[in-house]
Number of protein chains: 2
Amino acid sequence: MDGLHTPEGERSTEADLLDCVCTNVRMASRVLTRYYDEVMSPSGVRITQLATLAAVAYHGPFTMKVLARALFMDRSTLTADLQPLAAQGFITIVPGEDRRTRMITITDGGLNAIQTALPLWRQAQSHIERDLGQARLGALLGELREVVESAQSQ
Amino acid sequence: MDGLHTPEGERSTEADLLDCVCTNVRMASRVLTRYYDEVMSPSGVRITQLATLAAVAYHGPFTMKVLARALFMDRSTLTADLQPLAAQGFITIVPGEDRRTRMITITDGGLNAIQTALPLWRQAQSHIERDLGQARLGALLGELREVVESAQSQ
DNA sequence: CACAAATAGGAGGATATCAACCTATACAAA
DNA sequence: TTTGTATAGGTTGATATCCTCCTATTTGTG
């Protein structure tokens, strides 16, 4: 019954690792991203890009630092993520009054991209909502928020 | 009260996007990965690498295809992910009997790396467990599994 | 004012992730 | 056996992600 490569006494360790919060969330992240991206592919906008565009559109303009914090990501990650969005003309990046900063602003093209992607995003989201129900889904997002807070509290 | 850059009638759209399952899971993935990686950094093993090593150690040897499926990731992703593990001597990649395949096997160095990383992983995991409790955490992982199934059911 | 400390952001390098295409091997049908 | 199809993996190119430095600008202190 024991696998050849399962050292003695490692069984409980294996079970523990199967419950790794980080690994399980990353797995879900992979599967969900593949799914949303596939459904949204006709729009040419990825789910990661829609999230960034929406943040800028509904709460911008932002500096890099503030936007990165809003998205819970590293500033240098945001620098990379914004390149394709700026190249497509969905956002503009211009120096702020404080010349150290850059102001990120949505463009008409960016608003347009959001509107194009939204129906497809709704389609993907609705599929998950139908299967789980809004109540369980809302609870899940709440629990995720708590996990995030726990991980951030040092 | 209204932000200057929130177009009229977009309020519900914004609220909808805030509840995007994929975006929220990705956010949690970023924060959790940063946290686990920081705690585990003295071991030199990342949480992503520990997950892969553990799968190979406890259930391998695997072919690329089977391991990729077990980790819910693309085969080409796995090809890239295995490079640093092979370079450090934690796994071996050798042709299988079917010469199209490659068998991925854990090495003594790989088992050693797991043992070195485990206490630090436990430390990170325990912190989350303490804050949320095992019951809620178990439920969260269960809900994530359902979301994954929903996203994979086409 | 001059200089030191703090802050904002970018560059470089490494890993993670996928889709699309390509090659090598195995299998199956004629 | 030959040929065609199916399968396993790799390569390429793009995006995503982080950390560690580095530069430019601001602010604070003498």
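Bear in mind that the values here come from a model prediction, so they are computed numbers and not experimental data.
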**Request:** On DNA chain D, check which nucleotide each of B:Lys65 and B:Arg26 is closest to and give me the residue with the more 5' one.
**Result:**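 Whichever sits nearer the 5' end wins; that is B:Lys65.
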Could you go through nucleotides 18-24 of chain D and list every protein N or O atom that sits under 3.5 Å from one of its N or O atoms, giving the distance for each pair?
unit_1 : atom_1 : unit_2  : atom_2 : d
D:dC18 : OP1    : B:Arg34 : NH1    : 2.4
D:dC18 : OP2    : A:Asp74 : N      : 3.0
D:dC18 : OP2    : A:Thr77 : OG1    : 2.8
D:dC19 : OP2    : A:Asp74 : OD1    : 3.2
D:dC19 : N4     : A:Ser76 : OG     : 2.7

**Request:** Say whether A:Val66 and A:Leu53 are linked into one hydrophobic cluster, either directly or through other cluster members, by side-chain heavy-atom distances under 4.5 angstrom.
**Result:**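 They do share one cluster, since a chain of ILVMFWY contacts under 4.5 Å joins A:Val66 to A:Leu53.
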**Request:** Establish whether B:Val21 and B:Leu141 are linked, either directly or via other cluster members, by ILVMFWY side-chain heavy-atom contacts under 4.5 Å.
**Result:**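 Linked within one cluster.
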**Prompt:** Looking across every strand, which nucleic acid part, if any, lies under 4.0 Å from B:Thr63 by heavy atom: base, sugar-phosphate, or nothing?
**Reply:**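 Counting heavy atoms under 4.0 Å across all strands, the contact made by B:Thr63 is with sugar-phosphate only.
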**Prompt:** What does A:Gln49 touch in the nucleic acid at a heavy-atom separation under 4.0 angstrom: a base, only the sugar-phosphate, or nothing?
**Reply:**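 Sugar-phosphate contact only.
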Is [Y] close to [X] at the side-chain level, that is, under 4.5 Å between some pair of heavy atoms?
| X | Y | answer |
| --- | --- | --- |
| B:Leu71 | B:Thr52 | yes |
| A:Met64 | A:Arg75 | no |
| A:Phe62 | A:Leu78 | no |

Quickly work out the [X] [atom1] to [N] [atom2] distance and round it to whole Å.
| X | N | atom1 | atom2 | answer |
| --- | --- | --- | --- | --- |
| A:Leu82 | C:dA11 | CG | P | 13 Å |
| A:Arg102 | D:dT25 | CZ | C1' | 11 Å |
| B:Leu67 | D:dA8 | CG | P | 14 Å |
| A:Glu97 | D:dT25 | CD | P | 16 Å |
| A:Asp81 | C:dG10 | CG | P | 12 Å |
| B:Gln83 | D:dG10 | CD | P | 8 Å |
| A:Ile47 | C:dA19 | CD1 | P | 15 Å |
| B:Met64 | C:dT25 | CE | C1' | 16 Å |

**Asked** What are the two closest heavy atoms between A:Ser29 and B:Arg26, and how far apart are they?
**Response**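 Heavy-atom minimum between the residues: OG-CG, 3.7 Å.
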**Request:** Give me the one residue out of A:Gln125, A:His127, A:Gln123 that meets side-chain hydrogen bond (donor to acceptor under 3.5 Å, both in side chains) with A:Tyr36.
**Result:**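 With A:Tyr36 as partner, A:Gln125, A:His127, A:Gln123 yield a single side-chain hydrogen bond (donor to acceptor under 3.5 Å, both in side chains), made by A:Gln125.
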**Item:** Nearest-nucleotide pick for A:Thr101, side chain only, options being C:dA8, D:dG10, C:dA16
**Value:**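 Out of C:dA8, D:dG10, C:dA16, the nucleotide with an atom closest to A:Thr101's side chain is C:dA8.
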**Asked** What nucleotide among D:dA8, D:dT26, D:dT11 has an atom nearest to a side-chain atom of B:Thr79?
**Response**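 Minimum distance to the B:Thr79 side chain belongs to D:dT11.
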**Request:** Could you pick out which residue, B:Gln88 or A:Met103, lies toward the 5' side of DNA chain C when each is mapped onto its nearest nucleotide?
**Result:**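 Between the two, 5'-proximity favours A:Met103.
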